[in-house]
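First up is the structure itself, then whatever we jot down about it.
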Number of protein chains: 2
Amino acid sequence: MARPAKVSPDRILAAAAAEFAARGYAGARVDRIARRARVNKAMLYYHFGSKQTIYRTLLRQVFAGAAAKLIAIAETDRPTADKIDQVIETIAAFMAEHAFFPSIMLREIAEGGAHLDPETLKALASVPAAVARIVHEGVRRKSVRAIHPVAAYFTMLAPLVMYLGGAPIRTELTAQHLIDLTALTPDRFVRELQQSMRLALAAPSARRSSR
Amino acid sequence: MARPAKVSPDRILAAAAAEFAARGYAGARVDRIARRARVNKAMLYYHFGSKQTIYRTLLRQVFAGAAAKLIAIAETDRPTADKIDQVIETIAAFMAEHAFFPSIMLREIAEGGAHLDPETLKALASVPAAVARIVHEGVRRKSVRAIHPVAAYFTMLAPLVMYLGGAPIRTELTAQHLIDLTALTPDRFVRELQQSMRLALAAPSARRSSR
DNA sequence: GTCTATACTTCGATAGAC
DNA sequence: GTCTATCGAAGTATAGAC
């Protein structure tokens, strides 16, 4: 559902992703989605039936895609510290590939899931669930300090989502000379975050290493 | 601009805060703001002139309020580690007092500042600026490890914003039995985050303490 | 499957009486 | 300052020809 997309529904979903990310559910315009997808608006209703259905289909796909990658990491049998490193890297890569994902995630959290049906909510929930599972295992094995897995989830992924989703406003703030972002590339940000999380989550016995 | 509010404009701003937080700029309805504020819609236009002006006025106030608290912390002469602890605590308290703040912040980041004028952008920028200043000072004094101050800002505050702003959706996920939030109160979350940040940001020489 | 034209609704904003 | 009534624009969705 990413960039190429030859079939109508896929092109529509790709266009919808950009529109919903930039404007939010309420701000998104069906006409604009149709135009961006280069399909007639009637086609869009022919395939999906409503704006809401497009939105839910899109979110279900993207949450399921992200969760699948995290679950694959969880099922590895590597040390938890490595898995956490991978979670950060993998989500960063996923968001780089699906640039609309951070914005939509930020908006949906703020929205309280108002536009989501139970199935889509379930897909959304599988993301923190997968991360929490990894952290929980680490805590059980005493390689991660005693922390609530959901607290760890937010500590790990919220910075990533807000940093990557905040790219447009940072551009704006930089243009107005209101903030100094010298040398903070996305790549460096990811490495800084990995480092911070290694330090923040390591069990006391496992501390000292900073790689 | 918080809860009590006797004068019309203040009541309008308080109502607008709730409406914008719950629905976003595009989703917010002027009629609903007027109703919530128990003023006639015409009064609302009499005082503010447009939906956009209400939004900008609100955001300028709230960002300035948050930044003021952070600047006060920055100007203290306590150890940086303590200041960082205080930043987390203070922002958490500020968001508890202004429950609409996290949602609006999440939305505005996703929106890329589309509805903001330069002055409001400046108010927004003063929040990360204050935090970055504290971190930068710590790095200079070698009590904080070498990290980009803006990276540290996101690592510290994004979890707080997403966790607190995500309260509605967590309620939803909990009701559907899709996530386990046993024992993760906001208070515990704040303490976990403070702990994580102490571990993540301490300079190598200053490590070992976990209080 | 595809398109044009349009029905129906909602919403931001204002006119104008008091 | 306050209210009622309403305008005009914009938006989702659909009917119906091809």
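Chain A is the first sequence line, chain B the second, and so forth, proteins listed ahead of strands; every chain is numbered from 1.
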List the atom pairs, donor and acceptor, that lie under 3.5 Å between side-chain atoms in residues 118-133 of chain B and the rest of the protein, sequence neighbours left out.
from	atom 1	to	atom 2	distance (Å)
B/T120	OG1	B/R60	NE	3.2
B/T120	OG1	B/D117	OD1	2.4
B/S126	OG	B/A123	O	2.5

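- Remark: A/N40 is not in phosphate contact with C/dG1, judged by side-chain N or O atoms under 4.0 Å from OP1 or OP2.
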Please tabulate, one pair per line, all N/O donor-acceptor pairs under 3.5 Å involving side-chain atoms of residues 22-30 of chain A, not counting sequence neighbours.
from	atom 1	to	atom 2	distance (Å)
A/Y25	OH	A/Q52	N	3.4
A/R29	NH1	A/A26	O	2.9

Distance-only criterion, 3.5 Å: show the donor-acceptor pairs between side-chain atoms of residues 86-95 of chain B and protein atoms not counting sequence neighbours.
from	atom 1	to	atom 2	distance (Å)
B/E89	OE1	B/Q194	NE2	2.9
B/T90	OG1	B/Q86	O	2.6

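- In this structure, the side-chain contact (heavy atoms from CB on, under 4.5 Å) partners of A/H136, at least two apart in sequence or on a different chain, are A/P149.
- Residues satisfying the side-chain contact (heavy atoms from CB on, under 4.5 Å) test with A/R140, not counting sequence neighbours, are A/E137.
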Fill in the blank from the handout: 5' to 3', nucleotides 9-16 of chain C under a 4.0 Å protein heavy-atom cut-off (B base, S sugar-phosphate only, - none) gives --SBBB--
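- In this structure, B/M43 places its CE atom 4 Å from P of D/dT2, rounding to the nearest Å.
- One atom, CG of A/L44, and another, P of D/dT14, lie 12 Å apart when rounded to the nearest Å.
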